[in-house]
Amino acid sequence: MDNNDFFQETSYNDKIELMRKTISQVIAGQDRMIDLILTAILADGHVLIEGVPGIAKTLTARVISKLINADFSRIQFTSDLMPSDVLGTNVFNMSTNSFNFHKGPAFGDIILVDEINRAPAKTQSALFEVMEERQTTIDGTQHSMGDVYTIIATQNPIEQEGTYRLPEAQLDRFLFKIKMGYPTLEEEVRIITAHNEKKNFTKLEELPTIITKDELLDLRKKAHSIFIDSKLIAYIAQIIQESRTNSSIYMGASPRASIALLNASKAFALLQGRSFVIPDDIKILAVPVLCHRLILSSQAEMEGTAVETIIDEIVENVEVPK
């Protein structure tokens, strides 16, 4: 099946482009982040977004969830949040003389977790368990999550007092860690002008549903069927191996990172309208897949070296297959 037949058969290419266009009407200057979040959803992965306040982290998650006909819930993590506040609890029903399970906000399709590092470790662990297992056990009864289940979490890199740092082993549960930066000067002018003139200001409730849950699940199947050459699989393995031998890295990436980079590359290719992976897909995704999975050496930390810089060097040093 060639590339055109692939998308003529699925007819999803137009819908994907419409989603991108609709999101850009609400969120200006974050095209890369939008592509990464959509890639993670297609790859059936979770996302951690890090950035300073006021750059539309929460709004982006809400907009994307509105375009997908899925159940959306939001959890604001705070220092006094308990696992039962997230997962739910059993409540005694006097009329039936039995306990009924009341689901918490973690039971949904797309879950926005705001400031995930502000909740204590036991609450974070409860959420991470659900992220990995897609189920939870409460009072001996197992409760499963839906097929679309996706976590989009946010955290601020400032105001660290009263926060609980996410353990590296738990961070591995996220497919991507996306660092959102400030908009460029031109983008900032466009944002201010739009608000001043009240133009292109689309309300969330006015956004259309573009993709249903069944269509999303079908897209995920298509992402799995994207072709990747054996040379590119070896290319991914080489990048991961280099992360384990680099002198600036204390702990390299695990095999889970290899699989994450593979699945993400296939989903990213689908998002770009291709039925096959190219080396640039892997290069683009190396940083968001690996930046939260690597631990820098003490020397690199003292020198203030950014982990993204090391990943870029690793990718550049690995020969691209021909």
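Numbers for residues simply follow the sequence, beginning at 1.
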[X] and [Y]: which non-hydrogen atoms are nearest, and at how many Å?
{"X": "Gln170", "Y": "Ser125", "result": "NE2-OG, 3.7 Å"}
{"X": "Pro167", "Y": "Gln124", "result": "CD-OE1, 4.2 Å"}
{"X": "Phe276", "Y": "Ala269", "result": "O-CB, 3.4 Å"}
{"X": "Pro120", "Y": "Ser79", "result": "CD-O, 3.4 Å"}
{"X": "Gly108", "Y": "Tyr149", "result": "O-CD1, 3.2 Å"}
{"X": "Ala223", "Y": "Ala267", "result": "CB-CA, 4.1 Å"}

Using the side chain to side chain contact (heavy atoms under 4.5 Å, CB included) criterion, which residues pair with [X]? Sequence neighbours excluded.
{"X": "Glu242", "result": "Thr245, Ile314, Val318"}
{"X": "Glu186", "result": "Thr184"}
{"X": "Lys15", "result": "Tyr12, Ile210, Ile211, Glu215"}

Could you check if a side-chain atom of [X] sits within less than 4.5 angstrom of a side-chain atom of [Y], using non-hydrogen atoms only?
{"X": "Asn156", "Y": "Asn117", "answer": "no"}
{"X": "Glu313", "Y": "Glu316", "answer": "no"}
{"X": "Leu270", "Y": "Lys266", "answer": "no"}
{"X": "Ile178", "Y": "Arg32", "answer": "yes"}
{"X": "Asp281", "Y": "Ile228", "answer": "no"}
{"X": "Pro255", "Y": "Ile259", "answer": "no"}
{"X": "Arg165", "Y": "Gln155", "answer": "no"}

When you measure from the side chain of [X] to the backbone of [Y], do you find a donor-acceptor pair of N or O atoms at a distance under 3.5 Å?
{"X": "Ser243", "Y": "Ala253", "value": "yes"}
{"X": "Ser144", "Y": "Gln142", "value": "no"}
{"X": "Ser65", "Y": "Phe72", "value": "no"}

Who passes side-chain hydrogen bond (donor to acceptor under 3.5 Å, both in side chains) against Glu308, sequence neighbours left out?
Lys179
[X] [atom1] to [Y] [atom2] distance, which is reported to the nearest 0.5 Å:
{"X": "Asp31", "Y": "Leu36", "atom1": "CG", "atom2": "CG", "result": "11.0 Å"}
{"X": "Arg62", "Y": "Ile27", "atom1": "CZ", "atom2": "CD1", "result": "11.0 Å"}
{"X": "Ile116", "Y": "Ile49", "atom1": "CD1", "atom2": "CD1", "result": "11.5 Å"}
{"X": "Lys66", "Y": "Met19", "atom1": "NZ", "atom2": "CE", "result": "12.0 Å"}
{"X": "Leu232", "Y": "Ser230", "atom1": "CG", "atom2": "OG", "result": "8.0 Å"}
{"X": "Glu319", "Y": "Gln238", "atom1": "CD", "atom2": "CD", "result": "8.0 Å"}

Would you give me the side-chain donor-acceptor pairs under 3.5 Å for residues 37-47, sequence neighbours excluded?
residue: Thr39; atom: OG1; partner: Asp35; partner atom: O; Å: 2.7
residue: Asp44; atom: OD1; partner: Arg134; partner atom: NH1; Å: 3.2
residue: Asp44; atom: OD1; partner: Arg134; partner atom: NH2; Å: 3.4
residue: Asp44; atom: OD1; partner: Arg220; partner atom: NH1; Å: 3.1
residue: His46; atom: ND1; partner: Ile151; partner atom: N; Å: 2.9
residue: His46; atom: NE2; partner: Met131; partner atom: O; Å: 3.2

Give the C-alpha distance, both sets of side-chain angles, the deciding distance and a yes or no for side-chain contact (heavy atoms from CB on, under 4.5 Å) between Ile64 and Ile68.
CA-CA 7 Å; Ile64 290 175; Ile68 300 171; 4.3 Å; yes
Mind checking what makes ring-ring contact (aromatic ring centres under 6.0 Å, His included) contact with Phe227, not counting sequence neighbours?
none
Among all residues two or more places apart in sequence or in another chain, which pass the ring-ring contact (aromatic ring centres under 6.0 Å, His included) test with His143?
Phe101
Please list all pairs passing the side chain to side chain donor-acceptor pair (under 3.5 Å) test where one or both residues lie in residues 99-113, with sequence neighbours left out.
Asp109-Lys213
Are [Y] and [X] co-members of a hydrophobic cluster defined by side-chain heavy atoms under 4.5 Å apart?
{"X": "Tyr235", "Y": "Ile233", "value": "yes"}
{"X": "Ile310", "Y": "Leu171", "value": "no"}
{"X": "Leu48", "Y": "Met33", "value": "no"}
{"X": "Leu271", "Y": "Leu18", "value": "yes"}
{"X": "Phe128", "Y": "Ile110", "value": "no"}

Ignoring hydrogens and angles, write down the donor-acceptor pairs under 3.5 Å from the side chains of residues 282-300, residues two or more places apart or on other chains.
residue: His292; atom: NE2; partner: Phe174; partner atom: O; Å: 2.9
residue: Arg293; atom: NE; partner: Val289; partner atom: O; Å: 2.5
residue: Arg293; atom: NH1; partner: Asp172; partner atom: O; Å: 3.2
residue: Arg293; atom: NH1; partner: Asp172; partner atom: OD1; Å: 2.4
residue: Arg293; atom: NH2; partner: Phe174; partner atom: O; Å: 2.9
residue: Arg293; atom: NH2; partner: Leu175; partner atom: O; Å: 3.3
residue: Ser297; atom: OG; partner: Ser248; partner atom: O; Å: 3.3
residue: Ser297; atom: OG; partner: Ala300; partner atom: N; Å: 3.2
residue: Gln299; atom: NE2; partner: Glu303; partner atom: OE2; Å: 2.7

Inspect the surroundings of CZ in Arg20 and state if more than 12 heavy atoms from other residues, nucleotides or ligands are less than 6.0 Å away.
yes
Anything under 3.5 Å between a donor and an acceptor, one on a side chain of residues 82-94, the other on a protein residue two or more places apart or in another chain? List them.
residue: Asp85; atom: OD2; partner: Met82; partner atom: N; Å: 2.9
residue: Asn90; atom: ND2; partner: Asp139; partner atom: OD2; Å: 2.6
residue: Asn93; atom: OD1; partner: Ser95; partner atom: N; Å: 3.0
residue: Asn93; atom: OD1; partner: Ser95; partner atom: OG; Å: 2.5

By the rule that ILVMFWY residues connect when side-chain heavy atoms come within less than 4.5 angstrom, directly or transitively, which residues belong alongside Leu185?
Val189
Quick test of your reading: applying salt bridge (charged side-chain N to carboxylate O under 4.0 Å, His left out), list the pairs with at least one residue in residues 227-236, sequence neighbours left out, ordered by first then second residue.
none
Any luck finding a side-chain donor-acceptor pair between Asp80 and Thr78 under 3.5 Å?
yes
